[in-house]
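What follows is a single structure, written as structure tokens, with notes after it.
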Amino acid sequence: MVTDRPEGTVAVRLTEVEAYSGEGEDPASHAHRGPTPRAAIMFGPPGRLYVYFSYGVHWCANVVVGPAGRGSAVLLRAGEVVVGEDLAAVRRPSARVARDLARGPARLTAALGIGPDDGGADVLDPSSSVRLHAGAPPAAVSAGPRVGISRATELPWRFWETGAASVSAFRPGGKPRRRPAGQTGTS
DNA sequence: TTTAGGATGTACT
DNA sequence: GTACATCCTAAAA
């Protein structure tokens with residue numbers, strides 16, 4: 001994922017995403033109720049950017065997938081900044097460590113500088129300021145329940161790179177407990 | 001260190 | 001009016 005801005009370029013390698021289906025089988029999706037004005041972009045052609053405003057202060061970005069009219073999208077949940085880390089750090093002053101620059105959907109969107117103006121942008125268009133590049137697939141990918149929703153939590157439609165330090169902190173059934181002994185978050 | 005509460009646009013009841 | 005695909009700040013232990 002790359003964004004070109006007057007102030008610079010930021011590239012992020014996505015490490016965590018969530019799938020949302022609009023086919024009515026997924027009550028957690030914004031598209032579940034149909035093409036509302038906010039979710040209309042999800043029903044458009046694939047490769048478009050669906051940006052929505054959440055909780056009044058955060059923007060989250062999705063990439064529309066599947067045929068037009070289906071309403072399916074992939075939420076970009078987390079990633080690691082590989083280019084323009086300095087600029088990303090400026091955009092995310094609250095991020096104290098590099099790992100937190102894009103850990104979380106709103107943080108990822110902010111680190112990339114994606115805003116409402118980018119809604120509907122074609123991420124496959126080379127001339128677009130927001131582009132999606134295909135990279136080498138990770139060695140291992142894990143799947144599990146989605147985070148931050150209250151419906152259809154059983155669907156294991158969250159996918160992340162196994163062992164990635166930038167994935168969202170998921171609390172299975174309660175407290176996050178400290179860092180598991182085997183996994184080190186730092187290098 | 002962990003827990004609680006607040007901000008605020010859009011959609012649904 | 002309430003809930004939400006969230007994150008940040010403040011307070012307590």
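Just so you know, these numbers come straight off a predicted model, no measurement behind them. Convention: sequence-line order gives letters A, B, ...; per-chain numbering from 1.
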What contact category does I149(A) fall into here, base, sugar-phosphate, or nothing, at under 4.0 angstrom with non-hydrogen atoms? sugar-phosphate

Nucleotide dC7(C), atom P - distance to CZ of F53(A) in whole Å: 13 Å

Picking from dA11(B), dC8(C), dA5(C), the nucleotide nearest the side-chain atoms of P37(A) would be dA11(B)

From dC7(C), dC12(B), dA11(B), nucleotide with atom closest to R33(A) side chain: dC12(B)

So, is S54(A) close to the dC4(C) phosphate, meaning a side-chain N or O under 4.0 Å from OP1 or OP2? no

Taking the side chain of T36(A) as its heavy atoms from C-beta onward, which of dC12(B), dT10(B), dA7(B) lies nearest to it? dC12(B)

Please give, in whole Å, the distance from dC7(C) P to L101(A) CG? 13 Å

Those stems involving DNA chain C that have three or more consecutive Watson-Crick or G-U pairs, both distances under 3.5 Å, are B:1-7 with C:6-12, B:9-12 with C:1-4

Is R151(A) close enough to dA5(C) that one of its side-chain N or O atoms is under 4.0 Å from OP1 or OP2 there? no

Does R13(A) come within less than 4.0 Å of E161(A), counting only side-chain N to carboxylate O? yes

Take atom OH of Y50(A) and atom P of dT10(B), then tell me their distance rounded to the nearest Å. 11 Å

Could you measure between the two P atoms, the one in dA3(C) and the one in dG5(B), and give it in whole Å? 15 Å

Test R70(A) against D26(A) for salt bridge (Lys or Arg N to Asp or Glu O under 4.0 Å), laying out the working first. CA-CA 12 Å; R70(A) 193 165 192 275; D26(A) 186 2; over 6 Å; no

Side chain of S150(A), heavy atoms from C-beta onward: which of dC8(C), dA7(B), dA5(C) has the nearest atom to it? dA5(C)

Over all strands shown, is A106(A) touching base, sugar-phosphate only, or nothing at heavy-atom distances under 4.0 angstrom? sugar-phosphate

Cluster link I114(A) to F53(A), ILVMFWY, side chain under 4.5 Å: yes

Same-atom distance (P) from dA5(C) to dT3(B), integer angstrom: 23 Å

I need the minimum non-hydrogen distance between A73(A) and N62(A), along with the two atoms involved. CB-CB, 4.0 Å

Within this structure, what is the CH2-to-C1' distance between W59(A) and dC4(C), rounded to whole angstrom? 15 Å

Salt bridge present between R158(A) and E16(A) (N-O < 4.0 angstrom): yes

Looking at every heavy atom in both L87(A) and T9(A), which two are closest together, and how far apart are they? CD2-N, 4.3 Å

Expressed as a whole number of angstroms, how long is the span from Y52(A):OH to dC12(B):C1'? 17 Å

Taken to the nearest whole Å, CG/L108(A) to P/dA5(C) is 18 Å

Cationic N near anionic O, under 4.0 Å, R77(A) to E18(A): yes

To the nearest angstrom, the CD-P distance between E154(A) and dA5(C) comes to 15 Å

Which nucleotide sits closest to the side chain of H58(A): dC7(C), dG9(B), dT8(B)? dC7(C)

dT10(B), dA5(C), dC4(C): which one has an atom nearest the side-chain heavy atoms of R38(A)? dT10(B)

Should Y20(A) be counted as stacked on dA5(C), where stacking needs a ring-centre gap under 5.5 Å and an angle between planes under 30 degrees? yes

Is it true that W160(A) and L155(A) fall in one hydrophobic cluster, defined by side-chain heavy atoms closer than 4.5 Å? no

Between atom OH in Y55(A) and atom P in dG6(B), what is the gap in whole Å? 15 Å

